[in-house]
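These notes are about the structure you will find just below.
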Amino acid sequence: MKNQQNDTWAEGIWAGSVAFLAGFAGLYFGSMGFFRMGIPLGAWNSLLFAAPALAVSLALRPGYTGWLVFGVMSLVIAVTLRLASPFHDMTWDGMAVRQIWVEDVLIRKQCPPVLPSTHLLSAWLGWLGGNIDAGKAANPLLMICAFGFAIKAAGAAGLKSGWKWIPAGVAALNPVSLYQLSSFYLDGGLAALFTCFCAALFLIFLNSQSRAAWSGAVLCLVLMAGAKVSGLAYGVLMAAGLVAAILFKAGDRMSNLRHCAAGFLLLVSVGWLSHSMERESKYSLTGLTKSSDLRTPGLGVGSAPDEILRMNKLEAFFFSHLSPTSTWPAEWRIKPPFWFTRPELAVIQDLNPDARAGGFGPLYSTVLLLACWGALTGVFSRRIPWQSWIPCVTIFSSCLLSQSWWARWVPQAWLLPLCLIMPVLVFCNAKKAVWPCALALAMAILNSLLILIFYVAGCLENRAILVHQLEFLRELPSPGYVW
């Protein structure tokens, strides 16, 4: 009875997550069409979100259950708006660039021909909540969607009802998303969409005829491509990995391959269309090629240690993510497992949305080493099908397309330990392989909780300082200018 209740909750969260992304996609395409006709953000945009969200809710959960899913999703949106409103984006890039894009649409009622999908979502949420700060609810809401997709994938993989909540929680609590909970940066939302996309591809691998999984994958790629050029590039590479996995899947391979080949073309076409709406020019690899060069100026690389310029992308990836968490590291050094220091936590508490070295948190190196240990032990047990490692290879390959050492540029690297852990938990019963993986999950949860706790503490501290400063200015006898 308890397992059935857990499955019901998981299915409901999954349905709500797909419905939210459907509403998000409807909002994105519809609003960009309105903008091209000169119609600014307004009440019609809410209909653009609500109509597809309700339709998908009723399609996945027919009858009153679908209405219940839609109602709960609306309630979650309202609560998240309320929680996001009191906090302000104190980051330089967030205020100087990202927030201005949102202000142009929300406050100045402009109709830009180009706008990243996550910024459009922030603008609509700001309109819905009555203030621009409510727009920062975009990242937390997309993290909830990532949890819904991940728990569906974990259940489909064969994990027991109670256990599937743990890897799903780890997947959703991506540090790149946590660093940007109260910011208009788009990378946190993009990280959540990557998680949704990977989970949808896994569900397609298990059942290539699943319409819900295909719908989720298309929605994710549409929104990823509309947010950033890397979203399309990473998404296409991951979809290609899915086709490769299907080639080696047992059963009717030709039937599965036909479905996946058609779906792959659909994903690429829709993603390309979405990106063309986000960028005035046609999609080009020029930008991504420049960003993937460690010597490219203007991307913060020039201020990094000289050692990184002498490394290839593989070396830069491991040296960075096994190093202490910092914004600009004075030197590359690998720290011991299970070790973290107060300066690392200070980076988080200072509300830095863009930690470079060790950017996935103070315990990510421990999580990665434990996951590799468990995976190697599982490989030697010869109980795990080799096809199970294809997602790991695909995700790792996508990390090498861009700045592999910089967490914000490769948010999908957070999923690498999970791709190593999941085959062991599903196929291998040997305790010597399972316990390092279980410990890795525990360390991943602790890592994300540390980030969340110190980030929230930093938000509360900065809000108190800002309120005190505003009260001081209000008490001044004569008007003053604030910059």
Taking atom types as modelled, find out whether [X] and [Y] have a side-chain donor-acceptor pair closer than 3.5 angstrom.
X	Y	result
Thr118	Tyr185	no
Ser31	Asn45	yes
Trp101	Ser122	no

Subject >> Ring center gap for Phe396 and Phe317 short of 6.0 angstrom >> reply: yes

Original post:
Can you check whether Trp14 and Phe149 have ring centres sitting under 6.0 Å from each other?
Top reply: yes

For the side chain of [X] and the backbone of [Y], is there at least one donor-acceptor N/O pair under 3.5 Å apart?
X	Y	answer
Ser183	Gln180	no
Gln110	Asp104	no
Lys109	Leu41	yes
Tyr455	Ser182	yes

**OP:** Report the relative orientation of the aromatic rings in Trp409 and Trp406; use parallel for angles under 30°, tilted for 30 to 60°, perpendicular for over 60°.
**Re:**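 Trp409 and Trp406: tilted rings.
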
Original post:
Between Tyr28, Phe24, Phe20, which is the residue that forms a ring-ring contact (aromatic ring centres under 6.0 Å, His included) with Phe49?
Top reply: Phe20

**OP:** Hey, could you give me each pair passing salt bridge (Lys or Arg N to Asp or Glu O under 4.0 Å) that has a residue in residues 65-74? Not counting sequence neighbours.
**Re:**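 Not a single pair qualifies under salt bridge (Lys or Arg N to Asp or Glu O under 4.0 Å).
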
Subject >> Test ring-ring contact (aromatic ring centres under 6.0 Å, His included) applied to Phe360 - qualifying residues, sequence neighbours left out >> reply: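 ring-ring contact (aromatic ring centres under 6.0 Å, His included) list for Phe360, sorted by chain: His321, Tyr364.
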
**OP:** Write down the atom of Ala440, the atom of Leu370, and the distance for their closest heavy-atom approach.
**Re:** CB-CB, 3.7 Å

Distance-only criterion, 3.5 Å: show the donor-acceptor pairs between side-chain atoms of residues 189-197 and protein atoms not counting sequence neighbours.
{"unit_1": "Thr195", "atom_1": "OG1", "unit_2": "Ala191", "atom_2": "O", "d": "3.3"}

